[in-house]
Every structure is written in C-alpha cells, then in structure tokens.
Participant: 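Once you've had a glance at the structure underneath, I'll fire off some questions.
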There are 2 protein chains.
Amino acid sequence: MRDIARRAGVSESAVSFALNNRPGVSEDTRQRILGVAKELSWHPNSAARALSAARAGTVGLVFARPAKTLGIEPFFLQLVSGMQAVLSVRASALLFQVVENMAAEMALYRQWWSEHRVDGVLVVDPRVDDPRPALLVELGLPALLIGGPTSTGTVPSIWADDTGAMASIVDYLVGLGHRRIAHIAGLPELIHTKRRIDSFRAATRKYGLSTHDSVATDYSDEAGARETRQLLAEPGPPTAIIYDNDVMAVAGVGVAGELGLSVPSDLSVVAWDDSVLCRLTHPQLTALVRDTHAFGSHAAQQLLALIEGEAPHDVEDDVPRLEPRGSTAPPPLP
Amino acid sequence: MRDIARRAGVSESAVSFALNNRPGVSEDTRQRILGVAKELSWHPNSAARALSAARAGTVGLVFARPAKTLGIEPFFLQLVSGMQAVLSVRASALLFQVVENMAAEMALYRQWWSEHRVDGVLVVDPRVDDPRPALLVELGLPALLIGGPTSTGTVPSIWADDTGAMASIVDYLVGLGHRRIAHIAGLPELIHTKRRIDSFRAATRKYGLSTHDSVATDYSDEAGARETRQLLAEPGPPTAIIYDNDVMAVAGVGVAGELGLSVPSDLSVVAWDDSVLCRLTHPQLTALVRDTHAFGSHAAQQLLALIEGEAPHDVEDDVPRLEPRGSTAPPPLP
DNA sequence: CTGAAAGCGCTTACAG
DNA sequence: CTGAAAGCGCTTACAG
C-alpha cells in the first residue's frame with residue numbers, strides 16, 4: 001500500500017479509502033489509485049486488515065458428530081456451497097470444522113471468538129434443550145441458528161417451512177386415498193424433528209385421521225427397518241409411511257419387500273429429502289426436495305447482516321417441494 | 001500481552017517467548033507468565049500473530065464440482081475430520097470452499113495466497129493433465145496432492161495403495177473361482193482411476209485371465225446401470241464386477257435383478273469404498289473399506305511438514321481392506 | 001537470560 | 001477532499 005501511495009503521489013490513507021470504496025477521496029484519485037493497485041497486482045493482507053479493522057473476514061461452521069457416524073450427508077455440501085456463494089461476494093471465508101460432540105463444538109466457539117478468528121458462526125442442528133445459545137449470548141458472538149428457534153429464543157434463527165411441507169405431503173397422500181398414514185421421524189432432540197412431529201399431528205387431525213403418533217429414531221437404516229417392521233406388523237397397518245430421511249425410507253422399502261408387500265401397490269413411501277439414494281431404489285422414491293443451496297445462501301446473508309449490526313430476527317424459509325415418483329400410489333382396496 | 005507483561009513484571013518479548021514455548025526465558029519466569037496469562041484468560045489474536053509471524057495458521061481445501069452434482073460424499077466428512085484432528089493440535093484451522101470448476105479453484109488459490117489467507121493447500125482429485133501443480137509451483141504456494149502424483153510430479157502427493165487394493169480384490173475373486181471379472185471404473189481423467197485401471201489389468205494378467213479392459217464412467221448411477229447392462233448382454237458375460245464406487249455398485253445390483261440374475265449366485269459384486277449404501281441393499285455389498293479419517297490425518301501431517309520447510313516427498317498410504325459381505329460367492333457352474 | 005524498539009500491513013480518528 | 005500519525009496485538013532481531 002505504501003508503494004501504491006508513493007506511485008500515485010497520495011497518502012496511504014487515501015489509498016485505503018480508495019481501495020475500500022469509501023468517501024474521502026475524489027473520483028479521479030480513486031481511479032488512479034485503483035489503476036496503480038492493479039498494476040502492482042496488490043491484494044489486501046487479510047491478517048493486517050483483520051488486525052486493524054477488528055474484523056476477521058471469516059465465518060465459522062462446526063459439525064458435531066461422532067467420527068463413526070460421519071456418513072452420507074447429501075445435505076451438507078449443498079448447504080456449504082450455498083453459504084459460500086454469498087460469503088465470497090462479501091470477501092468472507094468459511095472456517096469449517098468437524099468435531100466429536102457438542103462440548104467440543106462449544107469449546108471451539110470460545111476459542112475462535114477469543115482468538116478473533118471469526119466474526120460470527122452458523123450453528124446447525126438446534127436442539128430442544130440446547131446449551132449453545134446461552135454460550136453464544138454470553139460470549140457476544142454473533143450467531144445464526146440453522147434449523148429453527150430454540151425454546152430460549154435468544155439467538156436468531158432460520159428454518160425451512162417443515163409445517164407447510166408436512167401439510168403438503170399429507171394432503172398428497174390423503175388425495176391418493178390414504179387414511180392410515182405413519183411418520184417415522186428423526187432424532188427427537190432436534191428442533192426440526194419436533195416441528196415435523198407437531199405438524200404431522202396437526203395435518204392428520206385436520207382430515208380426522210386417527211393415525212399413530214410419529215415414531216422417533218436416530219435416522220439410521222437399522223432404526224428405519226425396525227420401526228417399519230413394527231408398524232406393518234400391527235393390525236390395521238399403515239398404507240403409507242413418511243420417513244424423515246432417505247436412508248430410512250430405503251430401508252423401509254427393503255422391509256416391505258421382505259414381508260411380501262409391494263411398493264407402491266401395498267405400501268406408499270415418501271422420503272423427506274431427496275438424494276441419489278431415492279433414485280437407486282425400484283421403484284424410485286417420492287421425495288421432498290429442498291433447495292438446500294438457496295437455504296445456505298439465505299443463512300449466510302442473515303448472519304452477515306447480524307455481524308454488520310442489523311437487528312436480529314427469525315426467518316422462515318421456503319416450503320420444500322414434493323416430487324412424486326413411483327413409490328406412492330392409491331392404497332390397496334380394503 | 002502488555003497487561004500480562006506488566007502484571008508479571010517482565011517485558012512483552014519475554015511474554016511472547018514464554019507463551020510460544022521458546023527458549024529465551026527461564027523456567028520460573030515462564031511458569032509465572034503462563035499463570036498470569038491463564039488468570040487473564042488470554043488468547044492469542046490470530047490476526048496479530050499472522051501479521052507479525054507471516055503465517056496464517058490456516059490451511060485451505062477446495063472442492064471443485066458443479067453445484068448440481070454435489071451429492072452423496074461419504075468420503076468427504078471423514079477426510080476433513082481426519083485432517084482436522086492433526087491441524088487442530090498444531091493450532092491450524094481449515095479454510096474450506098466449494099466451487100464450480102477447476103478454473104474457480106485456481107483463482108481461489110491465487111487469491112488466498114496473495115491475501116496471505118493460507119499457509120498451504122490440500123488439493124484433491126488430481127488429474128492426468130492437471131493444470132494445478134504448475135500454478136502452485138509458480139505461486140510458491142505449499143501444496144499436497146491427495147490422490148497420487150501427476151505426470152509433471154512437481155508437487156508432492158499422498159495416495160492410497162490402489163494397486164495393492166485391486167490386487168487383493170482380484171485375488172479374492174479368483175480364490176472364489178471367478179475367471180471372468182470386469183471392472184467398471186470412475187472418471188478416466190482422475191489419476192487414481194488410471195492407477196486402478198492399470199492395476200486391474202496387471203492383477204488379471206497375473207492369473208492369465210483374458211478379461212476386458214476396464215470401463216470408464218462418470219461415477220453416476222446411470223452410467224453404472226448402463227455399463228452393467230452392456231457387460232451382461234455380451235456372450236460369456238462376467239461372473240463378477242468390481243465397481244469404483246458404491247452408487248454404481250448398487251445400480252449394478254438393480255440391473256442384475258431386472259435381468260433375472262441373482263446376486264451373488266449368478267453375479268458377484270464388489271464396491272470400492274464402503275458406506276451405508278452398501279448395507280442398504282439385499283444382499284449387502286462386499287466392499288473395499290478405507291480408513292479415510294487416517295488418510296486425512298496423514299495428508300494434513302505431510303502438508304504441515306512441507307509448510308515448515310521439510311523436503312517434499314511422495315507417500316503411499318496403507319492398503320484398504322476388503323470386507324466380504326453377501327454380494328460375493330463362487331461363480332455359477334458352467 | 002532479559003529489555004527496549006522496530007515492524008508486520010493495514011484502518012481510522014484527527015487536523016488541515 | 002487530503003495528509004501525517006497513531007494504533008491494532010503480536011514477533012523478532014538486536015543490544016545488553
């Protein structure tokens with residue numbers, strides 16, 4: 001920068017103003033400075049900028065899950081890529097870390113913030129009794145919860161419209177003629193699972209269906225298979241099952257096959273979240289398709305706004321779209 | 001740090017030496033300083049440290065693939081988590097970005113390096129004619145190729161022992177009695193695909209098998225299904241197929257079913273890389289299991305050594321292990 | 001073994 | 001609209 005100032009015959013501060021597109025320098029001078037900067041192929045030193053501006057130019061994202069369970073995450077790269085579409089325009093980078101559990105995640109927030117490594121964090125998988133919001137508030141670390149507001153409600157959040165999505169699935173199945181619909185849900189601690197369970201009840205009640213309560217699981221294929229077997233063994237078994245992820249849905253189709261039931265003529269199956277998995281089965285699975293990329297972008301946008309001092313507020317994102325495929329059909333005749 | 005110096009009654013430089021575990025301060029003083037630092041709950045400001053030490057304390061990782069094809073990446077989180085196990089011990093963080101293509105990836109390397117955002121980068125998916133090594137050398141940006149050395153060989157690399165792995169698969173299948181074995185490979189531009197194709201030929205020649213050459217694909221389920229159909233339609237079709245990923249293997253099992261062939265009694269199937277997918281099929285798939293977490297750790301270790309000035313050298317990592325499951329059996333009697 | 005000082009490359013009041 | 005100066009919080013020669 002000093003070189004630029006010398007060559008352009010101005011002060012360093014003029015250069016700083018020009019390069020940051022701020023008032024305090026005439027248009028002519030700005031252009032001249034920009035020219036020299038390009039000529040010298042100048043790039044800001046991120047550390048120096050961070051130090052003097054007291055802004056890291058970095059946003060943090062932590063994934064807390066045991067190393068063993070790190071598996072298929074179709075959701076993840078889409079989300080990250082959406083976040084970065086926004087961040088990169090704003091000259092911000094994403095610091096990403098995978099840790100074993102929530103304690104490690106919280107320790108990392110403390111560390112990052114005390115080291116001024118990040119300007120804010122995007123927090124995923126909010127839970128019903130979530131210790132993270134309190135920590136974030138205590139630290140004063142700007143944060144956005146991705147997945148829905150927690151009971152404490154002290155940290156702003158963005159979430160997909162699961163309620164609308166669940167309503168659209170139930171509408172669709174009822175429209176096909178189903179009256180006995182089941183819901184095999186994910187981890188009950190997660191806020192969005194709770195939201196889906198609540199809206200399943202609301203949506204089925206609306207039609208006067210006397211369905212079971214949703215069944216909570218750990219999202220694994222084993223759990224999906226086990227709960228499906230259980231449901232289908234009951235008297236008056238469901239004619240349609242909604243699964244909270246694709247892995248369980250595929251496992252459910254397998255169980256139906258073992259029991260001699262055909263999908264979709266004996267049992268309809270809907271997977272929440274689409275992935276290549278849903279297209280590997282025969283028949284292919286009717287699935288709820290989310291625009292995860294856009295969701296990530298919206299989240300990043302919200303966080304940057306927060307960092308820049310905007311008043312925090314919650315955002316409900318778009319309703320996911322139901323993509324009917326071969327795994328759903330009218331129920332068998334009684 | 002100034003506060004610490006004042007409280008401990010020493011100079012700022014003494015504090016710096018003590019906190020960085022460097023000689024230049026007596027053990028007593030060091031302990032006293034560390035005590036005060038803890039008391040004040042001091043943490044280094046990463047920007048200040050980066051600026052004066054000319055070290056970002058950050059390593060970069062870029063994933064280049066079109067947003068549409070961002071799908072199931074069982075490999076990815078494991079790799080990243082392994083990297084971080086090493087990086088976090090060395091007080092380094094991972095800057096991670098997803099981009100659309102290799103041009104964007106290279107632009108990002110330029111930007112990161114010119115902004116001093118990273119000390120080095122981990123480069124994935126090396127290709128046969130890869131433009132990235134030349135750029136990295138030109139920039140002087142420390143880098144490690146993950147997946148094998150390119151033809152230019154100017155940037156050090158780490159890779160899994162695909163040759164040993166392929167040999168173990170072929171040994172296993174031949175041991176079961178198979179003589180007609182096929183290999184449905186991944187993207188032919190990737191170095192590791194080339195390595196697998198070459199070692200497939202070597203391993204089958206060793207047994208005097210007159211198998212076909214490997215078939216290259218784009219890793220998609222469509223390609224897996226198409227090539228499987230093609231292979232099984234030939235006279236004297238293979239009795240065993242090795243697939244370069246799990247998605248294609250699952251698609252292949254589907255095709256076999258359509259053609260009325262039973263797995264494993266008519267056709268044996270082996271998937272390269274294990275994931276939950278391999279356990280969702282009936283029968284479950286025999287798969288090549290890698291310790292991707294360890295692989296990521298080794299890669300991070302190598303890169304940190306490079307950054308610290310060690311002489312670059314290539315590393316061949318461990319041989320993956322074959323996990324026999326229900327999808328492999330002796331071939332049908334002629 | 002320790003201290004005083006300069007410097008890393010920016011930004012930002014403050015004075016003109 | 002512009003310039004001279006201080007400062008962000010560290011590290012690192014250099015001198016004692």
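A note on names: the letters A, B, ... follow the listed sequences, proteins ahead of strands, and every chain is numbered from 1.
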Participant: What do the steps show when you test A:Glu115 against B:Arg49 for salt bridge (Lys or Arg N to Asp or Glu O under 4.0 Å), and what is the final call?
Facilitator: CA-CA 10 Å; A:Glu115 293 180 357; B:Arg49 180 167 274 182; over 6 Å; no
Participant: Judged by each residue's nearest nucleotide on DNA chain C, which is more toward the 5′ side, B:Ala48 or B:Ser13?
Facilitator: B:Ser13
Participant: Answer with yes or no whether the side chains of B:Asp317 and B:His298 bring together a donor and an acceptor at under 3.5 Å.
Facilitator: yes
Participant: Between which nucleotides of DNA chain D, 5' to 3', does chain B make heavy-atom contacts below 4.0 Å?
Facilitator: D:dG9 to D:dT12
Participant: Any donor-acceptor pair under 3.5 Å linking the side chain of A:Arg32 with the backbone of A:Ala8?
Facilitator: yes
Participant: Which word best sums up how the rings of A:Phe76 and B:Phe76 line up, parallel for under 30°, tilted for 30 to 60°, or perpendicular for over 60°?
Facilitator: parallel
Participant: Closer to the 5' end of DNA chain C via nearest nucleotide, is it B:Phe17 or B:Ala53?
Facilitator: B:Phe17
Participant: Could you check whether any side-chain N or O of B:Asp314 sits under 3.5 Å from a backbone N or O of B:Ser157, counting only pairs where one atom can act as donor and the other as acceptor?
Facilitator: yes
Participant: Any side-chain donor paired with an acceptor under 3.5 Å for A:Ser81 and A:His293?
Facilitator: yes
Participant: Let me check I have this right: for DNA chain C, each base becomes ., (, ), [, ] or |, based on Watson-Crick or G-U pairs with both distances under 3.5 Å. What is the full string?
Facilitator: |||.||||||||.|||
Participant: Where each residue is assigned the nucleotide of DNA chain D containing its nearest heavy atom, which of A:Ser52 and B:Arg22 is assigned the position nearer the 5′ end?
Facilitator: A:Ser52
Participant: Could you walk me through whether A:Ser13 and A:Ser16 satisfy the side chain to side chain donor-acceptor pair (under 3.5 Å) test, starting with their C-alpha distance in whole Å, then the side-chain angles of each, then the deciding distance to 0.1 Å, before giving a yes or no?
Facilitator: CA-CA 5 Å; A:Ser13 43; A:Ser16 176; over 6 Å; no
Participant: Would the distance check show the side chain of B:Asp130 and the main-chain N or O of B:Arg132 forming a donor-acceptor pair, the cut-off being under 3.5 Å?
Facilitator: yes
Participant: Base, sugar-phosphate or nothing for B:Ser26? Non-hydrogen atoms, less than 4.0 Å.
Facilitator: sugar-phosphate
